[in-house]
Amino acid sequence: MNPVPEAPPALPPVDEVAHAAATPDEPQPHAALGLRDEEYARIREILGRRPTEAELAMYSVMWSEHCSYKSSKVHLRRFGETTTEAMRARLLAGIGENAGVVDVGDGWAVTFKIESHNHPSYVEPHQGAATGVGGIVRDIMAMGARPVAVMDGLRVGPLDAPDTARVLPGVVSGVGFYGNCLGLPNIGGEVVFDPSYSGNPLVNALCVGVLRHEDLHLAFASGAGNKIVLFGARTGLDGIGGVSVLASETFVEGTGRKKLPSVQVGDPFAEKVLIECCLELFGGGLVVGIQDLGGAGLSCATSELASAGDGGMHVDLDTVPLRAENMTAAEILSSESQERMCAVVTPENVDAFMAVCRRWDVTATVIGEVTDGDRLRITHRGETVVDVPPRTVAHDGPVYERPYARPDWQDALQADGVGGRARPSAPAELAAQVRDLVASPALAARTWVTEQYDRYVRGNTTSATPADAGVVRVDEASGRGVAVSIDANARFCQLDPRAGAQLALAESMRNVASSGAVPVAVTDCLNFGSPEDPAVMWQFAEAVGGLADACAALGLPVTGGNVSFYNQTGSAAILPTPVVGVLGILTDVARAVRHGLGPEGHAVWLLGR
Amino acid sequence: MARVIVDVLPKAEILDPQGQAVARAMGRLGVDGVADVRQGKHFELEVDDTVDDAALERIAGSLLANPVIEEWVVRRVQ
Amino acid sequence: MARVIVDVLPKAEILDPQGQAVARAMGRLGVDGVADVRQGKHFELEVDDTVDDAALERIAGSLLANPVIEEWVVRRVQ
Amino acid sequence: MSRIGVITFPGTLDDVDAARAVRYAGGEPVGLWHDDADLRGVDAVVVPGGFSYGDYLRAGAIAARSPVMGPVVEAGRAGMPVLGICNGFQILCEAGLLPGALVRNHGLRFVCREVGLRVEADTAWTSSFTVGQHIRVPLKSGEGRYVADEATLDALEGEGRVVFRYTEPAPNGALRDIAGISSADGRVVGLMPHPEHAIDALTGPGTDGLGLFTSVLSRFTAAA
Ligand SMILES: Nc1ncnc2c1ncn2[C@@H]1O[C@H](COP(=O)(O)OP(=O)(O)O)[C@@H](O)[C@H]1O
């Protein structure tokens, strides 16, 4: 090892590119960072040398299942293949962007997306759920939209399980804390109890945003000389548990840094201010491209912006405002600090951009610029620590064709119908069963949850709990609005993942339609067990195929979503849980169909069979 | 009977939005010279003599503080 | 630079539902013998030498605590 | 048309709603910015709800000390009508314009539900109601429990300064079921529930909340 001689003793040596080229045989902890041997070999091949520590951190996080969709990609292609031009007609942005954007008429557009924050919500329910809401809201902001509503799909163990007593109140308070403080009405969601979610709760958060067509913003960095501005919270040691492996390998004594926490604490106040700041920046025409900082922090934002752009990028980590001392390049790049955004700004607009940020008391710093060429170059303490083709980090990650097979227990499960079960034979027995049903957690009122959520803020919610679909007004002048519902029935999916996914779509669509809206687009959050289990992979493939076919049959495009794998306790996977969100359009929310029975004397009709 | 104090603070590496908000407010309020603020919780317990230090430590680490994101100090004052 | 601690507690006559909830939870944890719990806030400030005791008292009594409902103690620890 | 100021602090959420309520009632909302010690010549001020500065220290504590509040306190003491809703009520208490304080709900959870209120005093903000009238508006807060010492409570009752009382037991444990109070001259009113969310049956429980805004506007039309 060659520590940089000038560095003060407290600072660990910088593993820069030339050093990496000169020390090809230095062992690197790629496995501990989750990279397989052949993935590590491919990185070396791409770079023509071993990666630096910072590069290794970037590739490992961006090539993770969560960011690269390496196990799901081959299946998700089905959505694209089954989407016709006619289905795409309303889409201003679709799969591949931070969130899909749908034309809802009169020059208005709506963007919506659902995402999971399952594991963090198990580790620290309140903060995990809170930061889950924060993350999806930033995705929506990154499209140029004003976030206008949230929904949450919650799945936990049985109501009386100790784990549920710990997780559910924390999750609900976290969703409420963050959403309420952001001023976003919560317009619906789900609460489902099932033993398979004990030790592995599902927290899926959806956000809806509204924009004018001309305000659409996309994540790309173009125009050499344009500046990269990082704004929002400072970058700290949040959520970089994995990367601390790097530190411990090379210089832990020097820094005395402990194993780092992988929990992030949400600051909804900072995010609220960030929303208003972003909208003022968009309104002032000060933003060329924008990207939120999510799970993979700056690794993701810089590589995705550069990859989607038409040039290269240079970023100087010494300019990044930090919350902790002596952070390494790998740590800065991997930090999951919340409430940050990254924008591309023309040089002449930088001053105006900074002025808006100052007005909102938002920290903003130029951290780099768009360059000619096609490399993403990142420097730290004067040394080049990253020099990569950005596409290889952001988009050309590994793709796996995981083996999948219908589990051998599927037939027996399906054959085990209700036929042989005893039926109530006396009125009292029937009454007891009805009472059991009514009192079951599955059917009980959700007010304990929904009373903790603000549904009035912004004054545009025309329907929320207990309605089938949440409805928000988009345009006060015309009354134009949208209806959204999220649904899944994982027990159906366990019996038949294909039909189960289709039923989730059908239910969600019915909910939206029964509010009087015309369904126009779909988002989904696919929560499954380990993709390395062929039975789970089969469930996944079936669910995706079923959903894609049903969407094609109904003429609804899937505009985006999220995959969450590895939801299991030990070797027991959760029930396959594809949560489907449907968005519908109402030309006038005043004419929406209200939930519940109408005035006395109205007839009741049952439609369908 | 003894009086026990437990002070709980967010871990140093964890974001402390409350402390930061207060620190920023100081500047705006014309209070200079305050470089940093951290905000946590302060508990005062009246405990009888059956409660030993091990029990106090258990209470602090499992109920008063969240070990995932907070650190704490227990001290007997009487 | 000095480190200053300000502890803030709800006044005794003000209902402290948080403290009570904690006291009840103790029983569930199997810890008996905790007679009373009060929950307040704990602030740690880094202040430079221009900040004298009068200034600290002002900060505590006009910002960190609300005298209508809270009482507070200021102490320098370094 | 009367101009009603609506303040925005960092973290204010219901400013759009308050401005809409002013408009629905026939007034002209005027945006006021926390950092400007300038009331822009308005006839009355609404301090809206939200989580100013995240409510991280105490609800309303930091906002109460921001530049715009200097002139608000001064004008309020001199008789300008000021309405504090939810976080705005907390801010007015923290600023010393109204007595008492708002603390954590006794159930320790945020509560969002429609509540019934009885209007108990004729003030600048309630003249459109009759004393004794019941209205329904949403309540949504985690720190909405009104507290003050016994002497203050007795004085408020004695001087007819309890403006709104919950008709059911207070969902937050407020002392004497107090939902809203006023200054001695009845010009400054603060309440925890949200009248600005009850101005249209489409988006709220009804239109009862509009009465607060028509009350204050009628003063100016009558005077003009
Ligand atoms: N289940 C899914 N269905 C449809 N699209 C999906 C699904 N999961 C992910 N996608 C899309 O794949 C793209 C890649 O996801 P990306 O936005 O990079 O992930 P993340 O937002 O989690 O960082 C996104 O456009 C996303 O909408």
Side-chain angles (χ1 to χ4, degrees), chain A residues 146 148 169 172-187 265-277 339 358-362 447-465 471-473 476 479 481 586 588-592 594, chain D residues 8-21 23-24 33-36 48-57 59 62-63 66 85-87 105 107-115 137-143 171-172 193-205 209:
Chain A
R146 172 182 279 285
V148 297
V172 171
S173 73
V175 170
F177 161 68
Y178 210 100
N180 294 347
C181 197
L182 279 191
L184 295 179
N186 187 304
I187 59 168
V265 168
D267 182 353
F269 167 63
E271 181 131 321
K272 165 66 181 169
V273 171
L274 198 54
I275 292 175
E276 300 304 328
C277 180
E339 292 96 23
R358 264 195 308 280
R359 179 173 140 84
W360 288 101
D361 208 0
V362 166
T447 43
W448 187 88
V449 173
T450 54
E451 273 202 346
Q452 297 186 50
Y453 302 155
D454 182 354
R455 60 182 178 278
Y456 297 101
V457 61
R458 300 200 70 74
N460 286 316
T461 308
T462 63
S463 155
T465 180
V471 177
V472 283
R473 185 168 57 187
E476 230 177 302
L586 287 143
D588 184 358
V589 291
R591 294 175 51 213
R594 294 288 198 138
Chain D
T8 300
F9 299 96
T12 294
L13 307 177
D14 299 313
D15 44 352
V16 273
D17 303 72
R20 186 189 291 117
R23 241 179 12 248
Y24 274 37
W33 184 239
H34 71 106
D35 213 16
D36 293 334
F51 290 82
S52 56
Y53 296 96
D55 277 359
Y56 287 142
L57 174 59
I62 299 178
S66 53
I85 305 169
C86 194
N87 196 225
N105 293 350
L108 300 178
R109 281 192 296 272
F110 188 94
V111 173
C112 175
R113 71 168 77 137
E114 287 170 17
V115 292
V137 295
L139 172 77
K140 39 164 223 183
S141 44
E143 298 183 37
N172 43 33
H194 288 263
E196 82 285 19
H197 292 326
I199 59 166
D200 182 347
L202 195 57
T203 54

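Just so it is clear: chains get the letters A, B, ... in the order the sequence lines come, proteins before strands, and each one is counted from 1.
- Between atom CZ of residue D:Phe110 and atom CD of residue A:Glu451 there is a gap of 10.5 Å, rounded to the nearest 0.5 Å.
- Looking at A:Arg473, the atoms closer than 4.5 Å to chain D (heavy atoms on both sides) all sit in the side chain, from C-beta outward.
- In this structure, no portion of D:Asp35 lies under 4.5 Å from any heavy atom of chain A.
- Note that the NZ atom of D:Lys140 and the OH atom of A:Tyr453 stand 15.5 Å from one another [nearest 0.5 Å].
- Using a 4.5 Å cut-off on side-chain heavy atoms (C-beta onward), D:Trp33 and A:Arg359 make contact.
- Each of A:Gln452, A:Lys272, A:Arg455 has some count of heavy-atom pairs under 4.5 Å with chain D, and the biggest count is that of A:Gln452.
- Both the backbone and the side chain of D:Tyr53 come within contact range of chain A, each with at least one heavy atom under 4.5 Å from a heavy atom of that chain.
- The backbone N or O of A:Arg458 sits less than 3.5 Å from a side-chain atom of D:Arg20, completing a donor-acceptor pair.
- A salt bridge links D:Arg23 with A:Glu476: the closest approach of a Lys/Arg side-chain nitrogen to an acidic carboxylate oxygen falls below 4.0 angstrom.
- Per-residue heavy-atom pair counts under 4.5 Å with chain A were compared for D:Ala21, D:Gly142, D:Pro138, and the maximum is reached by D:Pro138.
- With a threshold of 4.5 angstrom between heavy atoms, D:Ala198 does not approach chain A through any atom at all.
- Heavy atoms of A:Arg594 lying under 4.5 Å from chain D belong exclusively to its side chain.
- For A:Val273, the part lying under 4.5 angstrom from a heavy atom of chain D is the side chain only.
- Note that the OG1 atom of A:Thr450 and the CZ atom of D:Arg113 stand 10.5 Å from one another [nearest 0.5 Å].
- With a threshold of 4.5 angstrom between heavy atoms, A:Val472 does not approach chain D through any atom at all.
- Neither the backbone nor the side chain of A:Ser173 comes within contact range of chain D, judged by heavy atoms closer than 4.5 Å.
- The two residues A:Pro268 and D:Tyr56 have their closest heavy-atom pair at CD-OH, 3.3 Å.
- The CG atom of A:Asp588 sits 8.0 Å away from the CG atom of D:Leu202 when rounded to the nearest 0.5 Å.
- Neither the backbone nor the side chain of D:Ser141 comes within contact range of chain A; no heavy atoms are under 4.5 Å apart.
- For the atom pair A:Leu184 CG and D:Leu13 CG, the distance stands at 8.5 Å (nearest 0.5 Å).
- Checking A:Tyr456 against D:Asp17 by side-chain atom types alone, no donor-acceptor pair falls below 3.5 Å.
- Residue A:Asn180 touches chain D through both its backbone and its side chain, counting heavy-atom pairs closer than 4.5 Å.
- Heavy-atom distances place the backbone of A:Leu182, and not its side chain, under 4.5 Å from chain D.
- Of the listed residues (A:Ala464, A:Ser463, A:Gly183), the one with the most heavy-atom contacts under 4.5 Å to chain D is A:Gly183.
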**Request:** Check the pair A:Thr461 / D:Thr203 against side chain to side chain contact (heavy atoms under 4.5 Å, CB included), numbers first and verdict last.
**Result:** CA-CA 6 Å; A:Thr461 308; D:Thr203 54; 6.0 Å; no

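- The candidate from D:Ser52, D:Gly54, D:Gly204, D:Gly49 with the greatest count of non-hydrogen atom pairs under 4.5 Å with chain A is D:Gly54.
- Considering only heavy-atom pairs separated by less than 4.5 Å from chain D, the leading option among A:Gly176, A:Gly459, A:Ala592 is A:Gly459.
- Chain A forms the most heavy-atom pairs under 4.5 Å with one residue out of D:Pro171, D:Ala201, D:Pro10, D:Gly50, and that residue is D:Pro10.
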